[in-house]
Amino acid sequence: MERHLDKELQELKTEILRMGGLVENAIGVSVEALKQLDRLAAEKVICSDKAIDELELGIDEKSLDLLALYQPMAVDLRFITMAMKISTDLERMADLAVDIAQRVLELSGKPLLKPLVDIPRLAAVAQDMTKGAIDSFVGADVSLAKNVILRDTEADSLRNKVQVELINDYIAKDKSSVSRAIPLLLIARHLERVCDHATNIAEDVIYMVEARVVRHHQEKL
């Protein structure tokens, strides 16, 4: 016989999945807006943030209600507490998509400083890690969560590559390039932070499933 709590947990999982889908979309649209310097697309990302904020509040409220009503233990308790943490990471990822969109508005109307190469690569990693993190949560998939965590060094490397190129090849050589270089530097930083939050989610999934803390201890993977 199915417990009533199981139905409630499935609904909570569905809300996380819905929120994750909105966040994935916001990141994707913000990156496409950058490639095209599309103001309308950037503004769409900014406007979408309210719905994501409301979902986070709803998930937190539902989680607290479940904790109070059922006083769950073991894996159910870990699931609910991790859902709250994951929704926080997702909301911050959505904020970073908004930050990218705002940088696009700053660049709109100006020619790009250089062809975009490494930033789209970093964006692809961020999108893949975000999807992988959400999928690992929905499927309680530890193997997928580990793969997400291990990709974080790739994101760091790409971020560093973008920074070195923009600073050494443009800002240091031509001060007039600063106004177009700084937004790109910030976008690379925003994308790398998206990857950090995806990593946080993946680490939480491992804790949820195995009650094992791997944060700051990748040797435990």
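The aromatic ring centroids of F79 and Y207 lie 6.0 Å or more from each other.
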Let's go through D60 and S87 carefully: what are the C-alpha distance in whole Å and the side-chain angles of both, what is the deciding distance for side-chain contact (heavy atoms from CB on, under 4.5 Å) to 0.1 Å, and is it a yes or a no? CA-CA 8 Å; D60 280 355; S87 70; 3.4 Å; yes
side-chain contact (heavy atoms from CB on, under 4.5 Å) for V205 and D141? Distances and angles first, verdict last. CA-CA 8 Å; V205 168; D141 189 331; over 6 Å; no
Could you go step by step and tell me if D196 and R193 meet the salt bridge (charged side-chain N to carboxylate O under 4.0 Å, His left out) rule? CA-CA 5 Å; D196 286 344; R193 287 295 296 146; 2.8 Å; yes
side-chain contact (heavy atoms from CB on, under 4.5 Å) assessment of V117 paired with R121: CA-CA 7 Å; V117 178; R121 289 176 182 164; 3.7 Å; yes
Check the pair E91, D53 against side-chain contact (heavy atoms from CB on, under 4.5 Å), reporting the backbone distance first and the verdict last. CA-CA 6 Å; E91 189 276 332; D53 289 344; 3.0 Å; yes
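The OG atom of S63 sits 10.5 Å away from the CE atom of M82 when rounded to the nearest 0.5 Å. Rounding to the nearest 0.5 Å gives a distance of 9.5 Å between CZ of R78 and CD of E210. Note that CE of M84 and CG of D89 are 13.0 Å apart. Values are rounded to the nearest 0.5 Å. Rounded to the nearest 0.5 angstrom, L64 CG and T81 OG1 are separated by 11.0 Å. If you take CE on M129 and OG1 on T199, they are separated by 3.5 Å, rounding to the nearest 0.5 Å. To the nearest 0.5 Å, atom NE2 of residue H197 and atom CD of residue E192 are 9.5 Å apart.
Counting all heavy atoms, side chain and backbone alike, S136 lies closest to A133 at OG-O, 2.7 Å. The two residues A26 and S48 have their closest heavy-atom pair at CB-OG, 4.3 Å. In terms of heavy-atom proximity, D76 sits nearest to L9 at OD1-CD1, 3.5 Å. Listed here is the closest heavy atom pair of A33 and A41: CB-CB, 3.8 Å. Between A83 and I16, the shortest heavy-atom contact is O-CD1, 3.5 Å. Taking all atoms of both residues into account, the shortest heavy-atom contact from G28 to Q127 is CA-NE2, 3.2 Å.
Tracing side-chain contacts under 4.5 Å through hydrophobic residues (I, L, V, M, F, W, Y), one never reaches L5 starting from V75; they form parts of separate clusters. L22 and V194 end up in the same hydrophobic cluster when Ile, Leu, Val, Met, Phe, Trp and Tyr side chains are linked at under 4.5 Å. The cluster map of Ile, Leu, Val, Met, Phe, Trp and Tyr, joined by side-chain heavy atoms under 4.5 Å apart, puts L66 and V138 in the same cluster. Both M208 and I80 are part of a single hydrophobic cluster, where members link through side-chain heavy atoms under 4.5 Å apart. A continuous path of ILVMFWY side-chain contacts below 4.5 Å connects L69 to L67, so both sit in one hydrophobic cluster.
Counting only heavy atoms from C-beta outward, the side chains of V148 and I201 never approach each other to under 4.5 Å. I206 places a side-chain heavy atom less than 4.5 Å from the side chain of I149. S179 is listed as a side-chain neighbour of K110, based on a closest heavy-atom distance under 4.5 Å. Proximity of L185 to R189: side-chain heavy atoms (C-beta onward) are nowhere separated by under 4.5 Å. The side-chain heavy atoms of K85 and T88, taken from C-beta on, include no pair separated by under 4.5 Å. Considering only heavy atoms from C-beta on, E43 comes within 4.5 Å of R39 through its side chain. Side-chain contact between L158 and V162: absent, with no pair of heavy atoms (C-beta onward) separated by less than 4.5 Å. Put simply, the side chain of L90 does not reach to within 4.5 Å of the side chain of I52, judged on heavy atoms.
At least one donor-acceptor pair closer than 3.5 Å links the side chain of R103 to the backbone N or O of D99. Without hydrogens or angle criteria, S177 side chain to Y170 main chain gives a donor-acceptor distance under 3.5 Å. At distances below 3.5 Å, at least one donor-acceptor pair connects side-chain atoms of T14 with backbone N or O atoms of Q10. Under the 3.5 Å distance criterion, the side-chain polar atoms of N160 are matched with a main-chain donor or acceptor of D156. No donor-acceptor distance shorter than 3.5 angstrom exists from the side chain of S108 to the backbone of L105, with no hydrogens or angles considered. Panel note: side chain S157, backbone E154; no donor-acceptor pair is recorded below 3.5 Å. Checked by atom type and distance alone, the side chain of R159 never pairs as donor or acceptor with a backbone atom of L191 at under 3.5 Å.
Of the charged side-chain nitrogens involved, at least one lies within less than 4.0 Å of a carboxylate oxygen, so that R215 and D204 count as a salt-bridged pair. We find that K62 and D65 are not joined by a salt bridge, their nearest charged nitrogen and carboxylate oxygen being 4.0 Å or further apart. Using a cut-off of 4.0 Å between Lys/Arg side-chain N and Asp/Glu carboxylate O, K7 and E11 are scored as salt-bridged. Checked for salt-bridge contact, R180 and E106 miss the test: no charged N lies under 4.0 Å from a carboxylate O. A salt bridge is absent between D128 and K131: the closest approach of a Lys/Arg side-chain nitrogen to an acidic carboxylate oxygen does not fall below 4.0 angstrom.
More than 12 heavy atoms of other residues, nucleotides or ligands sit less than 6.0 Å from atom NZ of K13. Summarising the local packing, CZ of R18 is surrounded by 12 or fewer heavy atoms from other residues, nucleotides or ligands at distances under 6.0 Å. Open room surrounds NZ on K44; 12 or fewer heavy atoms of other groups in view lie less than 6.0 Å from it.
Put simply, the residue from D38, I100, V45, L34 that forms a side chain to side chain contact (heavy atoms under 4.5 Å, CB included) with V29 is V45.
Checked by atom type, the side-chain pair D174/S176 shows a donor-acceptor distance below 3.5 Å.
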